[in-house]
Structures are given as C-alpha cells and as structure tokens.
Amino acid sequence: MNTVTRSILMACATSALTLTTACGASPQAPTAPVTGDPVETRPPNNPDQKPALEGQTRAPGMTTQGQMTHAVIASGLEHPWGLAALPDGRWLVTEKPGRLRIVTEKGEISAPISGLPQVDAKGQGGLLDVILSPSFAQDRLIYFSYAQPREGGNGTAVSRARLSDDGTKLENLQTVFQVAQTYDGDKHYGSSLAFGPDGKLYITIGERSDKPKRPDAQNLGTHHGKVIRINADGSVPADNPFVGRDGALPQNFTYGHRNPQGIAIQPGTGAVWTIEHGTRGGDELNLIKAGNNYGWPIAAYGIEYNGEAIPNAVTAVEGTVQPVYYWDPVIAPGGMTFYTGTMFPEWNGNALIGGLGGQHLVRLVIENDKVIGEERLLVGLGERIRDVAVGADGAVWVITDEEDGKLVRLSR
C-alpha cells in the first residue's frame, strides 16, 4: 500500500454479438424481457410478517435491454468505503484504515493524500464516506466522515478540507460535525454524506448496534440513529425541525434509524432518500422528511441475526413512518445514488444501491415514491459492493469492500 502507483488493469472489449473481457472481468448475464416475477425467490427470514403497503417488498423484476459489460479498472485498494468523482474524471476513494487516494480512469492509484485526521479503524469504523463541496470548482473543498477516536471510545465525525492543487494533501482541515456522545464500540457509524439542492449537508448516523444503545435512535437528545442536517460550515439551519425543542439536539433532522449507510438526492424532485442496513429481513429504503420517526427499534421488519425476534418490536407503530421498500431476506446495502446519464437512458431517475451481503448492484425503478421494479446487476462479480457513482459519460462505477478492493466500471 506504499507505492505511488498500482498496476493498471484494462477495459473490456465488446463486439456487436459477444461480450469479451480482459484480466478476469466477467460479462453481464444475457438480457431478457421483463418477466414481472420478483428477483428475490428465497423464503423470507420472517414469514409471519406481512408488508403494510402494497408493493413494499419483492417488486416485479426488471431487466435492462441491450448488452452490458464490466471491467476491473484498479485493484489493491484496502477495504475502500467512499467514492467521489472529480471534475477531471479521476476518482477520490477512501480506504477504511485511514487513507484517501486518487484513482485515474486508467487505474493509476496515487500515494495516500496527506493531512487527514487520525481515525479509529476497527470493526466497521475508519475513514468512511467522501463527497465534493457543491462549489468544488471554486473552493476545492471535500467533506469526509470517519470514526473519530476519543478518550473512552469514539464517535462519527465529519471534516472538510481543501484538496491541494496537485492533489497530494489536504489543507485547512476543519471539523464541521461530531456526534455528541462517545461510545466504546466498533459498529453502526452510519456515515454517508449528501448535499441537498439547498446546499445543506445531510449525514447518516447509526445507533451503534449494541442493544443498550438501540433506544438512542428514539432519543432526540442524542445523535445516534439519526439523519443530521447542517449548513456547509457546520452551523445549524434555523428551519431544522427540532431547533428550540427542550432536550433535542438541533442538528437532528429525522430519527428512528438503525444504520443508514447510503443517502442520495433524487434528481428532479430534490427529495432525500436513505438506504438502511437492517436486521435479518429488515433492510429499508426510506424517503426522508423533516421530523419523521422511522421506527427503530420499536417498529422494524425482520429478526435478530441470531434468529430470535427483535425484542418488543412490531412492524407498525402509530407515529412512525413505514419504509417505502424493504428486503427480506436482506441485500446488506452499502452506498446509493440516483442515475442520470446518456449511456443507460432507461435508467434515468432510477436508484442504484450497492449490495454487500448480496454481492450485487441493485437497480430500483421508483415512480410516485413507490418501487415498481427491481433488477440485480454485477451478479457475476462475486464481491461485496460498497459504493456506487456515475461517471461523466454515464458509465456506472462501483468499489468493492474487500481486503483487495476493486474499482469497477459498468458500461455498454
């Protein structure tokens, strides 16, 4: 991990009739007409639970028409977590142990960028998401989230810094948000980042997993289990829903979340969506609206990882919001984005979601805030897909959460 440049891996060549690959990249499965049958055929983890809303799970299967291929562009990344496109076509990639690198479209991997803060890289913690400032072309600011080491434990934090002109270091580091509570644990940091069309920064925060910490998701006096909304400089927007409420932290925007690891802004509407890593049978897609309670741990689908029922939880509680969609069994979601581009015009407006446990990329067709179709892509890659982004030409790029993590390009 100390070399300036890693080996460059190739692109796949595509003929009119046959997909061919290089350096071990396998082709997409042949396309077929839309069948309408759900892509999920396994029995649910909790067959006694029923969806509260029509179409809330196991949407009809959809299949992209035409040929697709994928290529491994770079490898040798150690558990990459976050992916962000630079204006010149290169990619910022975080590695969970605490390194930030730039990867070119040809697969050249830079030395670690200097100037990052120390991270608590254990369990699910470390250096996590990264995004560009909405005005990056002028200020060259990047924002990144991480597990911040503290006396007695750690907590999720978000910092920003200027990426130097030569891309080798971070300058003027500033912490813009840190979870108020310190906890000695190694799970459920949340930590996905997105800027809304109003310039506000949204941050997902997990409830830290352990059963004694779960009630924090319902406690507005903590940041755990929340979606946070702040101004770009870290200050609190005056129109946040809990500003001025006794016992509530003003950065909180929504609550009742377990471990949301993906967040994205819907093109056209500006709506905020999150993807939540649930229990067995409890992964959720949520439409985020100010002040809403999304239920965890009192309302949830699925069962505990050990097979037991979630203590004192039911699927619906008055005053809580149902997920738009849930998976049972789970896909174990990572990051998400909405597709906009010309390479796959039929995907425009669709959600793309990394599947960690599922080892695939999920495409969801959303109409009128409902999921009407689901497709699973990159099923032949055989690796945990952590994050997904769209390149300037409309190709889709993903990173895989492995010790030998890869940057992969999906294209026509």
Sorted by chain and number, sequence neighbours left out, ring-ring contact (aromatic ring centres under 6.0 Å, His included) with W327 holds for Y325

When you measure from the side chain of R386 to the backbone of G334, do you find a donor-acceptor pair of N or O atoms at a distance under 3.5 Å? no

Heavy atoms of V103 and A74 approach each other most closely as CG1-CB, 4.0 Å

Query raised in the report: Charged N to carboxylate O below 4.0 Å: is that the case for K406 and E78?
Result: no

* Asked: Any sub-3.5 Å donor-acceptor pair from D404's side-chain atoms to S75's backbone N or O?
  -> no

With a 6.0 Å cut-off (strictly less than), is the heavy-atom count around NZ of K200, excluding the residue itself, greater than 12?
yes

Q.
So for atom CG, which belongs to N312, do other residues, nucleotides or ligands contribute more than 12 heavy atoms lying within a distance under 6.0 Å?
A. no

Is the side chain of D283 donor-acceptor paired with the backbone N or O of G278 at a distance under 3.5 Å, no angle test?
yes

* Indicate whether any N or O donor in one side chain lies under 3.5 Å from an N or O acceptor in the other, for H188 and E207. => yes

Interatomic distance, CG@L377 vs OG1@T64, rounded to 0.5 Å, equals 5.5 Å

d(R160 CZ, L193 CG) to nearest 0.5 Å is 13.5 Å

Checking S110 against R101: is there a side-chain donor and acceptor pair closer than 3.5 Å? no

| task | Give a yes-or-no answer on whether the side chains of E95 and W81 include a donor-acceptor pair shorter than 3.5 Å. | result | no

One should read off an interatomic distance between T279 OG1 and N259 CG, to the nearest 0.5 angstrom, of 11.5 Å

**Asked** With distance as the sole test, does T315 use its side chain to make a donor-acceptor pair with the main-chain N or O of A300 at under 3.5 Å?
**Response** no

Between T57 and D328, the two heavy atoms sitting closest are OG1-N, 4.3 Å

Please tell me whether Y202 and F253 form a close aromatic pair, meaning their ring centres lie under 6.0 Å apart. yes

Review point. Distance-only, no hydrogens or angles: does the H224 side chain make a donor-acceptor pair with backbone N or O of T222 under 3.5 Å?
Key: no

Notebook entry, point to check: Can you tell me if CG on N306 sees more than 12 non-hydrogen neighbours from other groups inside 6.0 Å?
Noted result: yes

Pair Q218-N293, side-chain donor/acceptor within less than 3.5 Å
yes

dist F344:CZ -> L352:CG (nearest 0.5 Å) comes out at 9.5 Å

Notebook entry, point to check: Any side-chain donor paired with an acceptor under 3.5 Å for T175 and Q178?
Noted result: no

Sorted by chain and residue number, the side-chain contact (heavy atoms from CB on, under 4.5 Å) partners of P311 (sequence neighbours excluded) come out as K211, R214, E304

In terms of heavy-atom contacts, D233 and S235 come closest through OD1-OG, 2.6 Å

Under 3.5 Å: donor-acceptor pair, side chain of E383, backbone of I385
no

Next item on the list: Please test I113 against L92 for side chain to side chain contact (heavy atoms under 4.5 Å, CB included), starting from the C-alpha separation and ending with a verdict.
Entry: CA-CA 10 Å; I113 295 170; L92 280 173; 4.0 Å; yes

For I275 and P333, the nearest pair of non-hydrogen atoms, with its separation, is CG1-CB, 3.3 Å

d(N45 CG, Y301 OH) to nearest 0.5 Å is 14.5 Å

Taking every heavy atom of A59 against every heavy atom of G373, the minimum-distance pair comes out as CB-N, 4.0 Å

message = Under a 3.5 Å threshold, yes or no: a donor from one side chain and an acceptor from the other, between T254 and Y294?
response = no

Check: Does a side chain donor of either Q261 or T204 reach within less than 3.5 Å of an acceptor in the other side chain?
Finding: no

CD1 of I203 to CD1 of I228, rounded to nearest 0.5 Å, is 6.5 Å

**Message:** Any donor-acceptor pair under 3.5 Å linking the side-chain atoms of Q56 with those of Q322?
**Reply:** yes

Practice task
Spell out, as yes or no, whether a donor-acceptor pair under 3.5 Å connects the side chain of T400 to the backbone of G405.
Solution key: no

message = Under 3.5 Å, is there a donor on one side chain and an acceptor on the other for H223 and Q251?
response = yes

Would you say N154 and T182 make side-chain contact, with heavy atoms under 4.5 Å? no

Would R208 pass as a cation-pi partner of Y189, given that its NZ or CZ must be under 6.0 Å from the six-membered ring centre and within 45 degrees of the axis?
yes

Are side-chain N/O atoms of S145 and D129 paired as donor and acceptor at under 3.5 Å?
no

Practice task
Run the numbers on F144 and S159 for side chain to side chain contact (heavy atoms under 4.5 Å, CB included), then give the verdict.
Solution key: CA-CA 6 Å; F144 53 93; S159 292; 3.8 Å; yes

*Within the distance-only criterion (no hydrogens, no angle test), does the side chain of K96 pair as donor or acceptor with the backbone N or O of G123 below 3.5 angstrom?*
yes

Does the D166 side chain pair with the main chain of T168, one donor and one acceptor, at a distance under 3.5 Å?
yes

Side-chain donor/acceptor of R162 to backbone N/O of L173, under 3.5 Å = no

**Report entry** Test side chain to side chain contact (heavy atoms under 4.5 Å, CB included) applied to L83 and V388, step by step
**Finding:** CA-CA 7 Å; L83 179 66; V388 54; over 6 Å; no

For H79 and E402, which I'm curious about, is there any donor-acceptor pair between the side chains at under 3.5 Å? no

Contacts of Y183 meeting ring-ring contact (aromatic ring centres under 6.0 Å, His included) (sequence neighbours excluded), chain-then-number -> none

When every non-hydrogen atom of E276 is compared with those of G256, the smallest separation belongs to OE2-O, 4.3 Å

